[in-house]
There are 2 protein chains.
Amino acid sequence: MRARSEERRAEIVRAALEVIAERGYRGASLAAVAERVGLTQQGLLHHFPTKEALLVAVLKERDRWDAVPDTQWRVDLLAALVEYNAMRPAIIQTFSALLGESVTEGHPAREYFTERYTRVRANMADVLRAEYGDRLPSGLTPERGAPLLVAVMDGLQYQWLLDPESVDMPGAFRDFLALLGEEA
Amino acid sequence: MRARSEERRAEIVRAALEVIAERGYRGASLAAVAERVGLTQQGLLHHFPTKEALLVAVLKERDRWDAVPDTQWRVDLLAALVEYNAMRPAIIQTFSALLGESVTEGHPAREYFTERYTRVRANMADVLRAEYGDRLPSGLTPERGAPLLVAVMDGLQYQWLLDPESVDMPGAFRDFLALLGEEA
DNA sequence: TCGATTACCTGTAGAGCGGTAGGTTTCGTT
DNA sequence: AACGAAACCTACCGCTCTACAGGTAATCGA
């Protein structure tokens with residue numbers, strides 16, 4: 001019944017995540033996603049009327065994922081998160097690919113990422129403030145530290161995806177956290 | 001004669017840079033690039049036999065660009081570079097889009113970026129070593145500082161491209177350099 | 001001046017794309 | 001048992017994409 005349908009949709013979203021990781025959004029065809037769940041492309045379109053609707057569902061899934069309810073993040077949990085991410089390359093790859101595409105004109109995920117980063121920077125500033133107060137040991141305000149924190153996480157992901165052997169993502173991230181936490 | 005031809009190819013590469021910035025590599029059609037230089041798609045294929053050949057030329061152009069001959073970069077020049085980049089969003093957008101796509105399977109730019117990052121990390125380590133010796137003031141080795149430096153540059157670019165009003169890319173980068181240069 | 005090369009063009013093949021139309025099967029409800 | 005909706009299919013449309021084939025006009029060296 002209705003539960004069956006939701007389950008099906010969840011399956012499709014999961015498959016879409018995989019295909020986007022492999023080919024990006026533009027390169028991900030509905031047929032490829034459909035095949036992965038044993039449907040025809042038109043069968044898939046019954047659950048998601050357009051390709052963009054499927055993308056929206058993928059992005060919503062991501063939001064649900066990292067909005068762990070009422071968890072007040074702490075700096076040491078961020079390090080653990082990065083470590084966890086290093087074990088789930090598929091997810092990282094999906095959203096790294098989407099982020100890259102999203103900077104192009106009229107990309108359907110552009111607004112999503114813009115708003116997401118505004119939100120994430122604010123969250124990170126909160127985390128830093130909770131840890132260090134209005135000044136980090138290095139002298140930065142939390143609001144100026146936050147974009148750097150986010151940039152390091154994203155930037156390391158690209159380097160790591162391209163060459164996991166050469167880049168110790170969690171280690172490098174810990175180095176950065178240490179840098180933030182050191183006295184000037 | 002031959003000079004004419006090279007000039008034409010340069011025009012095409014320039015146009016390709018623009019179109020890739022707008023639509024990514026997968027989204028960039030040869031016809032769109034051709035139109036921008038007043039050619040038909042088939043006319044363009046006379047100069048570059050395949051789409052991939054055109055991409056290779058674009059990547060080569062980039063190499064030529066940032067291999068400013070014999071310039072030994074210094075940390076303060078990096079800050080100036082970021083400032084300069086902030087005035088040329090088209091270039092940044094092109095390569096941010098390409099980087100994002102390149103993490104997908106079998107992307108023709110993947111190897112390029114993998115090798116490029118290996119090289120850039122090594123260069124950055126050299127820069128840091130030239131500035132600070134074998135230990136940064138914060139205690140990091142140059143080899144461990146370099147991936148962070150690169151990550152911050154890339155990560156800030158994405159945030160800035162998505163929302164230039166909200167992200168002071170050069171300022172944030174200077175913050176990071178100060179962080180690297182501070183005593184532990 | 002001639003022959004060849006270069007720089008294009010038109011035409012078209014061949015595949016893949018997202019999306020629509022409409023039919024059929026399955027299944028829970030009454 | 002009958003009905004209606006949901007789930008999914010076949011068939012197809014119109015478009016776009018890269019690339020190939022082959023022709024034509026200009027240009028350049030001998």
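Lettering of chains follows the sequences in order, A, B, ..., and the numbering in each one begins at 1. Computed from a predicted structure; not experimentally measured.
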Inset, instruction - Please check the phosphate of D/dC28 (OP1 and OP2 only) for any side-chain N or O of B/R4 closer than 4.0 Å. - result: no

Inset, instruction - Give one of base, sugar-phosphate or nothing for A/L45, where a contact means two heavy atoms less than 4.0 Å apart. - result: base

Legend entry - Test: B/E143 and B/R129 ion pair at under 4.0 Å: yes

Inset, instruction - Select base, sugar-phosphate, or nothing to describe what A/L44 touches, counting heavy atoms under 4.0 Å on all strands. - result: nothing

Inset, instruction - Output the single nucleotide from D/dT18, C/dC8, C/dG18 whose closest atom is nearest the side chain of A/K51. - result: C/dG18

Inset, instruction - Let me know the distance between CG of A/L54 and P of C/dC17, rounded to the nearest Å. - result: 14 Å

Legend entry - Single hit among B/L59, B/V56, B/L55 for side-chain contact (heavy atoms from CB on, under 4.5 Å) with B/Y112: B/L59

Inset, instruction - Determine: side-chain N/O of A/S29 to OP1/OP2 of C/dG16, distance under 4.0 Å, yes or no. - result: no

Legend entry - Position toward the 5' end of DNA chain D (nearest nucleotide), A/Q42 or A/H46: A/H46

Inset, instruction - Take atom CZ of B/R9 and atom P of C/dT6, then tell me their distance rounded to the nearest Å. - result: 13 Å

Inset, instruction - Please state how far atom CZ in A/R23 lies from atom P in C/dG16, giving the value in whole angstrom units. - result: 11 Å

Legend entry - Which nucleotide in C/dC8, D/dA19, D/dC8 has an atom nearest any side-chain atom of A/H47: D/dC8

Legend entry - A/Q41 CD to D/dA7 C1', straight-line distance once rounded to whole Å: 16 Å

Inset, instruction - Have a look at A/A32 and say if it touches a base, only the backbone sugar-phosphate, or nothing, with a 4.0 Å heavy-atom cut-off. - result: nothing

Legend entry - Length of the line joining A/L30:CG and C/dT20:P, which is rounded to integer Å: 11 Å

Legend entry - C/dT6 phosphate, OP1 or OP2, under 4.0 Å from B/R8 side-chain N/O: no

Inset, instruction - Drop me the distance from B/Q159's CD to B/D154's CG, to the nearest 0.5 angstrom. - result: 12.0 Å

Inset, instruction - Select base, sugar-phosphate, or nothing to describe what A/A53 touches, counting heavy atoms under 4.0 Å on all strands. - result: nothing

Inset, instruction - Using the closest heavy atom to pick a nucleotide of DNA chain C for each, name whichever of B/T40 or A/R26 lands nearer the 5' end. - result: B/T40

Legend entry - Distance-only donor-acceptor check, side chains B/Y158 and B/D163, under 3.5 Å: no

Legend entry - Between D/dT18 (P) and B/F48 (CZ): distance, integer Å: 15 Å

Inset, instruction - Ignoring backbone atoms, establish whether B/S5 has a side-chain N or O less than 4.0 Å from OP1 or OP2 of C/dA7. - result: yes

Legend entry - Side-chain ion pair, A/E61 and A/R64, N-O less than 4.0 Å: yes

